[in-house]
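Just so we're clear, the structure is a prediction, and the values are computed from it rather than from any experiment. In what follows, residues are counted from 1 in the order of the sequence shown. When a ligand or atom number is given, it counts from 1 through the structure's own listing order.
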Amino acid sequence: MAAEARHFKYVVLGGGVAAGYAAREFGNQGVNPGDLAIISKEPVAPYERPALSKGYLFPQNAARLPGFHTCVGSGGERLLPEWYSEKGIELILSTEIVKADLASKTLTSAAGANFTYETLLIATGSSVIKLTDFGVQGAESNNILYLRDIADADKLVAAMQAKKDGKVVIVGGGYIGLELSAALKMNNFDVTMVYPEPWCMPRLFTSGIAHFYEGYYSNKGIKIVKGTVAAGFEADANGDVTAVKLKDGRVLEADIVVVGVGGRPLTALFKGQLAEEKGGLKTDAFFETSVPGVYAIGDVATFPLKIYNEQRRVEHVDHARKSAEQAVRAIKAKESGESVPEYDYLPYFYSRSFDIAWQFYGDNVGDDVLFGDNDPASANHKFGSYWVKDGKVVGVFLEGGSAEENQAIARVARTQPAVADVEALKTEGLEFATKV
Ligand code: FDA
Ligand code: NAD
């Protein structure tokens, strides 16, 4: 006999960043006790995921829950589990949904529980790509670790304690690779990064930007191996990893391997039920999918990026927060016969490691114009890059900016000022942005 379903007016599927910001917005807009449930396979209330690759791994005063529940990451109120119970918002935790039937508006958990809804917000985020997915030999060995959620972070912390002062190989030169190699170095590990591209973070960095970070990391004692990949692993009799075999024949000793070779949006539950585009669930400017009453927010949504007049998927926290707020406002407005403006997002990415921090706004297309001092050995390093397309500045990157300077580069990316002379822009550097 099928289990009796629990019914909610609104269900948020997923309990990450977008879920936490959606809950806060429901709270702001007004939600009746019992109307909203958040169903998450994680055992804890929504938290600010970026903390996991930064404060969570600090050697001193490491961040721990409840310190970084949403919405502290954007300077907002910290929503503790009590906040949800006071509002009558149900947190259904440690519950993985394994089936979604949009026709009958029913979700089914791994334990066989059914949940029905009137409005569904899909906020399942991304999962990590694993080396076992490509059949890399030995990739199932112990201490080959990934980082997506608290459970992964705790495994890493335990391995760091067990292998104190040991050797770490970081596979991947993207966000995880750069943030985790710094975190492990700060914990006194011997760190080597390996990535296939000619420079780190190629999806955003130009060679001039990467020159600074690679030099800065080398000066901190991190070794960098470029242009090759991990082709296999050696392990001891206990199954613990001992070495990484590179495709170019080199072998690197390792007590811990951290892999960051990209993420994949979790959309499989909806295959054949929702329109997809660019690997995500296709939405309109209010995050409603091809099925009325079903919304997709955060990493899984491919939405109209109005400023560039194209559909895009964005895997960053600022969009996870803002898309959640937009969807909830649109849902509530629709109920009262009103409407909200279309989502008009300006892409914003950032990262921090050691004592350095960068921000990027806009689009990294067209010709790049590096400015400032990007010498990693310089005591006064401060630099950035503009991207110029069709005579207009469309993207800006800045390392080491003050709050005002970061606001200035955001303004430039939003207003897209014209530039007549690219050489003059290079010479003017950051001043161009602060004048706009
Ligand atoms: P998110 O991944 O936060 O949440 C998804 C939730 O859904 C999880 O709780 C998951 O368990 C749950 N779920 C999935 N499938 C389910 C199912 N079938 N049943 C039940 N629950 C299910 N970005 C940035 O801009 N700056 C930064 O510094 C960082 N740093 C950073 C560090 C690390 C370690 C990671 C992994 C990611 C970042 N990011 C980031 C990216 C950012 O965290 C990410 O874009 C947002 O968390 C996306 O929010 P979502 O809510 O879409 O997914
Ligand atoms: P990523 O896409 O940033 O980087 C993947 C990297 O993997 C590539 O740059 C490449 O160097 C490398 N790579 C690919 N195949 C490889 C192989 N076979 N061997 C070695 N290297 C290989 O992905 P990520 O760093 O894994 O991050 C995962 C997710 O977490 C992303 O959604 C990212 O946006 C998010 N994240 C964001 C931040 C931030 O915004 N500051 C921080 C951490 C994580």
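Distance alone, capped at 3.5 Å, is enough to place a donor-acceptor pair between the T95 side chain and the L93 backbone. Proximity of a side-chain donor or acceptor of T302 to a complementary backbone N or O of E277 within less than 3.5 Å is detected.
S74 and Y21 are linked by a side-chain donor-acceptor pair at a separation below 3.5 angstrom, with hydrogens and angles left out of the test. Between the side chains of Y345 and S323, no donor-acceptor pair of N or O atoms lies under 3.5 Å. A donor-acceptor contact under 3.5 angstrom links the side chains of Y56 and D154, judged on distance only.
For ligand 1, the 4.0 Å heavy-atom shell takes in L13, G14, G15, G16, V17, A18, I39, S40, K41, E42, R49, P50, S53, K54, T95, E96, I97, A123, T124, G125, L147, R148, I176, L266, L269, G298, D299, E315, H316, V317, A320, Y350, ordered by chain and residue number.
Other residues, nucleotides and ligands place no more than 12 heavy atoms under 6.0 Å from the NZ atom of K99. For D355, the CG atom counts as densely surrounded, since its 6.0 Å shell holds more than 12 non-hydrogen atoms of other residues, nucleotides or ligands. Heavy atoms from other residues, nucleotides or ligands lying under 6.0 Å from CD of E253 number 12 at most.
Neither the backbone nor the side chain of M201 has any atom closer than 4.0 Å to an atom of ligand 2 (non-hydrogen atoms only).
Smallest separation of non-hydrogen atoms from F397 and E399: CE2-N, 4.1 Å. Minimum interatomic distance between S181 and V191 (heavy atoms only, all atoms of both residues): CB-CG1, 3.7 Å.
Atom NZ of K41 and atom CG of L266 lie 5.5 Å apart (nearest 0.5 Å).
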Trace of the salt bridge (charged side-chain N to carboxylate O under 4.0 Å, His left out) decision for E276 with K271: CA-CA 8 Å; E276 294 187 37; K271 264 265 151 320; 3.0 Å; yes
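If you check which protein heavy atom lies closest to atom 20 (C) of ligand 2, you get V171 CG1, 3.4 Å. Protein heavy atom in closest approach to atom 29 (C) of ligand 2: R148 NH1, 4.1 Å. Counting only heavy atoms of the protein, atom 17 (C) of ligand 2 lies nearest to V229 CG1, 3.7 Å. Scanning the protein for heavy atoms near atom 34 (O) of ligand 2, the closest one is E315 O, 3.0 Å. Atom 21 (N) of ligand 2 has its closest protein heavy atom at P196 CD, 3.2 Å.
On a distance-only criterion, E179 and ligand 2 share at least one N/O pair closer than 3.5 Å. In terms of polar-atom proximity, G262 is counted as a contact of ligand 2, with an N or O under 3.5 Å from an N or O of the ligand. Considering both main-chain and side-chain atoms, E197 comes within under 3.5 Å of ligand 2 through a nitrogen or oxygen pair. Polar contact with ligand 2: present for H316 (N/O pair, distance under 3.5 Å). Of the polar atoms of R203, at least one N or O is found under 3.5 Å from an N or O of ligand 2, judged by distance alone. For G263, no nitrogen or oxygen atom sits less than 3.5 Å from a nitrogen or oxygen atom of ligand 2, counting backbone and side chain alike. For a threshold of 3.5 Å applied to N or O pairs, the pair formed by I176 and ligand 2 contains at least one separation below that value.
Between F68 and Y47, the ring planes are perpendicular. Angles over 60° get that label, and only those under 30° would be called parallel.
Near G172, meaning under 4.0 Å from one of its heavy atoms, ligand 2 places the atoms 7 (O), 12 (C), 20 (C), 21 (N). For ligand 2, the atoms closer than 4.0 angstrom to any heavy atom of Y195 are 11 (O).
Ligand 2 lies less than 4.0 angstrom from a heavy atom belonging to Y350.
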